[in-house]
Amino acid sequence: MKRISFTSTCAVAVSTTIALSSAASAGDFYLSGKLGITNLDHTIERDTGGFVLPVPDVGSVSTAQDTNGSLTLGLGYEQDFANGDFFWGVEGFIGLENTIAKNVNGVLKTKVDVNRSFGARALVGVNATDRVSLYGHLGVTALAYDVTNGYTFAPPKTNSAGEISTGLSYGLGASYALDSGNEIFAEFTRVAGVEFDGIPEVAGGTNRVNPNSLNQDTISVGYKFKF
């Protein structure tokens, strides 16, 4: 399971933004906020390995989904190039999430509660008109979540909280400038390849660990203030 420090991730994102912008001759720092609708996919790959439990059990690949809202705040830097036809940027961000996927695989019940996200990304886009811009973004996102294991025939057996795993994030966006310092925008973001080991199973004393993965899609609208 990939674990990283929340403080160190934010520090890297901010320091990267400052370092890149220090060499720039003309550009804008910005603060942004966006509200999103997030869909979370949680997949478990479970192999029972021929071990027999007191109840019928079959391993498989199972996926559960949940859709809920999110709020993300960002600090970034943007600069135009090629005579203002294009722009690039870097951004660090932190989000509040509220998605809970409940997955059942054989007799195993697993609940994943994603409650935070944070990371950094790069943006490259085209200024289609004086007010309209289109862009793509690519970065790394960390998801913070709680995992709870249980069984269909018994109360929950184990619980693990505060896990953090990282994945690749990418997507597309469009913005509209209200004036020189204020913009509204809409984005699509996918966080893919967030992989982690599940909590060791306790039923039958197997201590079996199952591969888990998360994929998250978010459609959001937001506001950006440049300074």
Side-chain angles (χ1 to χ4, degrees), residues 6 9-10 12-14 16-17 20-21 27-42 65-82 84-101 114-145 164-194 213-227:
F6 170 81
T9 301
C10 291
V12 169
V14 173
T16 300
T17 301
L20 288 175
S21 63
D28 297 294
F29 283 99
Y30 65 82
L31 294 172
S32 67
K34 59 184 179 182
L35 295 173
I37 299 296
T38 296
N39 182 77
L40 176 72
D41 286 344
H42 171 229
Q65 295 183 334
D66 184 41
T67 300
N68 218 315
S70 61
L71 169 65
T72 304
L73 302 177
L75 169 64
Y77 179 84
E78 284 184 0
Q79 182 182 353
D80 290 340
F81 66 95
D85 292 334
F86 300 91
F87 69 94
W88 64 269
V90 289
E91 180 183 300
F93 58 88
I94 179 172
L96 298 178
E97 310 283 345
N98 185 29
T99 48
I100 302 174
V114 179
N115 47 66
R116 293 197 320 278
S117 63
F118 50 92
R121 63 180 186 167
L123 303 90
V124 177
V126 56
N127 295 314
T129 71
D130 290 341
R131 291 183 179 270
V132 177
S133 298
L134 307 174
Y135 59 91
H137 59 88
L138 176 68
V140 176
T141 296
L143 298 180
Y145 53 91
I164 298 174
S165 301
T166 60
L168 180 71
S169 62
Y170 55 91
L172 299 171
S175 63
Y176 180 82
L178 302 174
D179 53 42
S180 61
N182 298 275
E183 292 183 6
I184 54 176
F185 62 91
E187 282 186 356
F188 168 77
T189 302
R190 166 162 286 186
V191 182
V194 180
S213 63
L214 300 173
N215 291 289
Q216 182 173 277
D217 292 336
T218 302
I219 297 175
S220 55
V221 294
Y223 166 78
K224 181 184 296 183
F225 171 70
K226 295 182 176 181
F227 58 95

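The chain is numbered in sequence order, starting from 1.
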Does some side-chain heavy atom of Val90 sit less than 4.5 Å from a side-chain heavy atom of Leu123? no
To the nearest 0.5 Å, atom CG of Leu35 lies from atom OG of Ser220 at 8.5 Å
Could you go through Asn39 and Gln65, starting from their C-alpha distance and side-chain angles, then the distance that decides it, and tell me whether this counts as side-chain contact (heavy atoms from CB on, under 4.5 Å)? CA-CA 7 Å; Asn39 182 77; Gln65 295 183 334; 4.1 Å; yes
Once you measure the plane-to-plane angle for Tyr135 and Phe87, does it fall in the parallel (<30°), tilted (30-60°) or perpendicular (>60°) bin? perpendicular
Nearest atoms (heavy-atom pairs only) where Ser169 meets Thr189: CB-CG2, 4.4 Å
Can you name the closest pair of heavy atoms from Ala177 and Glu183 and give their distance? CA-CG, 3.8 Å
Short N-O contact, Glu91 and Lys224, less than 4.0 angstrom: no
One should read off an interatomic distance between Thr166 OG1 and Phe118 CZ, to the nearest 0.5 angstrom, of 9.5 Å
Test item: Asp66 side-chain N/O and Ile100 main-chain N/O as donor-acceptor pair under 3.5 Å: yes
Shortest non-hydrogen contact from Gly33 toward Leu73: CA-CD2, 4.0 Å
Residues forming a salt bridge (Lys or Arg N to Asp or Glu O under 4.0 Å) with Arg190, sequence neighbours excluded: Asp217
Any non-hydrogen side-chain atom of Gln216 less than 4.5 Å from a side-chain atom of Val114? yes
Give me the atom names and distance for the closest heavy-atom approach of Ser70 to Thr218. OG-CG2, 4.0 Å
Dump the intermediate steps for side-chain contact (heavy atoms from CB on, under 4.5 Å) on Thr72 and Ile94, then the final yes or no. CA-CA 6 Å; Thr72 304; Ile94 179 172; over 6 Å; no
Classify the side-chain pair Asn68/Thr99 by whether it contains a donor and acceptor separated by less than 3.5 Å. no
Stepwise side-chain contact (heavy atoms from CB on, under 4.5 Å) test for Trp88 and Phe81: CA-CA 8 Å; Trp88 64 269; Phe81 66 95; 3.7 Å; yes
Taking atom CG of Asp130 as the centre, does the number of heavy atoms from other residues, nucleotides or ligands within less than 6.0 Å exceed 12? no
Are a donor atom and an acceptor atom from the side chains of Tyr176 and Ser133 found within less than 3.5 Å of each other? no
Backbone N/O of His42 and side chain of Asn215: donor-acceptor pair under 3.5 Å: no
Could you measure the distance from the CG atom of Leu96 to the OG atom of Ser117? Nearest 0.5 Å is fine. 8.0 Å
Taking 4.0 angstrom as the limit, do Glu97 and Arg116 come out as a salt bridge? no
Heavy-atom side-chain proximity of Asp85 to Asn127 below 4.5 angstrom: no
For Asn182, enumerate each residue passing the side-chain hydrogen bond (donor to acceptor under 3.5 Å, both in side chains) test, keeping only those at least two apart in sequence or located in another chain. Asp179, Tyr223
Ignoring hydrogens and geometry, is there a side-chain-to-backbone donor-acceptor pair from Arg121 to Leu138 under 3.5 Å? no
Could you report the tightest heavy-atom contact between Leu40 and Ala101, atom names first, then the distance? CD2-CB, 4.1 Å
Salt-bridged, Lys226 to Glu78, with N to O below 4.0 Å? yes
Apply the test side-chain contact (heavy atoms from CB on, under 4.5 Å) to residues Thr141 and Phe93: give CA-CA distance (whole Å), side-chain angles for both, the deciding distance (0.1 Å), then the verdict. CA-CA 9 Å; Thr141 296; Phe93 58 88; 3.4 Å; yes
OG (Ser213) and CG (Asp41) are apart, to the nearest 0.5 Å, by 8.5 Å
Using 0.5 Å steps for rounding, measure from the CG atom of Asn115 to the CG atom of Asn98. 9.0 Å
Using 30° and 60° as the class boundaries, would you call the ring planes of Phe227 and Phe29 parallel, tilted or perpendicular? parallel
Interatomic distance, Ser165 atom OG to Leu214 atom CG [nearest 0.5 angstrom]: 7.0 Å
Closer than 3.5 angstrom, by distance alone: can the side chain of His137 be matched with the main-chain N or O of Phe188 as a donor-acceptor pair? yes
Could you list the residues that satisfy side-chain hydrogen bond (donor to acceptor under 3.5 Å, both in side chains) with Ser32, not counting sequence neighbours? none
